[in-house]
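Below is one structure, written out as structure tokens, with a few remarks after it.
Counting convention: from 1, in listed order, for ligands and their atoms alike.
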Amino acid sequence: MILSGLEGIHGCHVVAIPYPRRGHINPMMNLCTLLASKGLTVTFVVTEEWLSLLGAGSGSGSGSTPNIPNIQFRTIPNVIPSELTGGSDFVAFFEAVSTKMEAPFNQLLDQLELPATCIIADTFLAWAVAVGNRRNIPVASLWPMSSSMFSFHYHYHLFVASGHLPFQIDNISEKKDEIITYIPGIPAIRLGDLASIYMCKNEIMKIVLEAFSWVTKAQFIISTSFYELQAHTIDTLRKTLPIPIYPIGPSIPFMALQDRVTPSETRNGSNSVDYLKWLDCQPKNSVLYVAFGSFLSTSASQMHEIALGLQSSGVRYLWVARSEALNLQETCGEMGLVIPWCDQLRVLCHSSVAGFLTHCGWNSILEAIYSGVPMLTFPLFVDQPPNSTLIVEEWKIGLRVKEETGVGKVVGRDKIARIVRRLMDGEGVLQLRERAKTLQSSCQRAIEKDGSTFQNLHAFIGDLVRNSNLEFANERT
Ligand code: UDP
């Protein structure tokens, strides 16, 4: 459907530049798919390497350009460490993204046949806001995490003023249960939940704070959340921020899911047929899906404990273990299938899946909420500990497996087995399942034709068209 009364959108050319990691590219792609479906022209900019990864539709491998109507792909050279070999040094990767991508992006803008009328950039790419400001092109900053994380970062100075930050490594254990209540839009947050963000290497924090010093120099902020999920936080941010924020989520590929044919016989690609067929053969609501996102890993000893815990739980499970898949399959026995990668949203929506053991990446959470699947939380890093608190304490749609922050603390097999059984069979979790279904309904309502997501999408497009000073064929004033 093309928006009526906004014929100016045909002259609107959005150039989108995601942070070059799967968990950021996916929501940017989903946002662009929505914009393209409304008639906007979109150019999606990735590195050469990422274009081939996207074509392959997985975390690895090479393939051809994805084919999405109204979206064209353009590349910049591989100026950052390779996703396949060099991506694990988080600091070096973040630094390269912050310093090496601007110049080729600028060149690309110069070479576009159709000039950009809007840049949509990941919030962590502060330089993209500067590029837009210099060129007089409006910029929308896409925030790919929870709205509360936005508020934490935006209000970092309040932590400093209260003397809570920067953290001292030696006193965090005694302070970790202190509750902070002065961050606007966040009722309460445990100091310990923030430890892995604010104690992470200074270089990262420096870049993140730099990004936040630029965020309100953009013209718009887009959130990958849906309004009802964090309404109070969004309302508060709307009052606080000098520029508008539009929650246009969940930025997950739900439209693609609705378009797909589902019977397993009609699915292409032997790998995907294998795990989907396996799911088809399992009883309804019997499988735990296990995945830790697209790039973080936990320690080898922790993986081993998880494998043994899952095995002794007696629960059926599908585990995405990326490069560890082959090794782990041997340990896992008959009840589990371990694979390197999957179509996660489709798996979560499968009728045999009834639980998700997750590292609490924001996209994974949105996908679980969309699917109505309760979670076991195993946060590792950055925003994942506070996300785990949202799941367990605010929305009450999950149980905590990993209490302590940091990859070093190993959770033993017995605890894992116990909590897995509790989620999958436990009578005490009926309410938790009901709440997951209630939140799912609220998510479904948000993405109905007149739901909050599409209202916000239309508002953003309208404001963008006005901001871009485009000609309206149907001038309304
Ligand atoms: N994902 C996927 N298949 C997998 C594992 C992950 O498609 O087997 C996708 C998942 O759907 C999500 C992204 O990878 O869109 C992971 O993002 P998230 O924010 O959950 O975690 P991150 O990888 O950024 O830590």
Side-chain angles (χ1 to χ4, degrees), residues 18-33 50 53-54 56-61 63 66 83 87-88 90 93-94 97 122-124 142-146 149 196-197 200 204 223-225 249-257 260 269 271-272 274-276 278-279 287-298 317-325 328 337-350 353 356-371 373 375-388 390-391 398 407:
Y19 183 91
R21 274 266 143 93
R22 173 67 64 178
H24 297 245
I25 292 175
N26 283 6
M28 180 70 88
M29 180 72 79
N30 295 318
L31 169 67
C32 289
T33 307
W50 262 111
L53 293 172
L54 289 175
S58 74
S60 59
E83 186 64 15
S88 55
F90 193 71
F93 188 84
F94 207 172
V97 168
D122 193 284
T123 304
F124 291 109
L142 179 68
W143 176 245
M145 297 179 179
S146 73
M149 283 300 296
S196 84
I197 313 165
C200 59
I204 297 182
S223 156
T224 56
S225 202
S251 290
I252 60 173
F254 60 85
M255 291 214 308
L257 196 73
R260 284 177 203 152
N271 285 341
S272 78
D274 285 347
Y275 68 80
L276 291 169
W278 183 85
L279 283 176
V287 175
L288 178 74
Y289 171 60
V290 183
F292 295 93
S294 59
F295 76 102
L296 281 176
S297 301
T298 178
Y317 61 93
L318 175 66
W319 185 356
V320 167
R322 303 199 310 270
S323 58
E324 295 299 311
L328 284 165
L337 179 65
V338 190
I339 53 173
W341 192 254
C342 74
D343 182 341
Q344 181 163 292
L345 185 58
R346 187 186 269 195
V347 165
L348 284 167
C349 288
H350 196 285
V353 172
F356 181 12
L357 172 55
T358 172
H359 75 311
C360 304
W362 186 241
N363 298 293
S364 294
I365 294 173
L366 291 175
E367 290 169 9
I369 289 173
Y370 173 87
S371 318
V373 172
M375 288 167 265
L376 292 177
T377 69
F378 206 103
L380 301 173
F381 193 43
V382 189
D383 61 328
Q384 297 152 18
N387 289 349
S388 163
L390 284 175
I391 293 168
V407 281

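Every side-chain contact (heavy atoms from CB on, under 4.5 Å) that N363 has, sequence neighbours left out, goes to P27, E367.
Of the residues listed (V347, V353, L288), the one engaging L318 in a side-chain contact (heavy atoms from CB on, under 4.5 Å) is V347, and it is the only one.
If you look at ligand 1, the protein residues with a non-hydrogen atom under 4.0 Å away are R22, G23, N26, Y289, G293, S294, F295, V320, W341, C342, Q344, H359, G361, W362, N363, S364, E367.
Checked by atom type and distance alone, the side chain of R322 pairs as donor or acceptor with a backbone atom of G293 at under 3.5 Å.
Taking the six-membered ring where the residue is Trp, W143 and F124 present tilted rings, their angle falling between 30° and 60°. Y289 and F356 have tilted rings, their planes meeting at an angle from 30° to 60° on a 0 to 90° scale.
Cation-pi geometry between R21 and F93 is met: the NZ or CZ atom falls under 6.0 Å from the ring centre, inside 45° of the normal.
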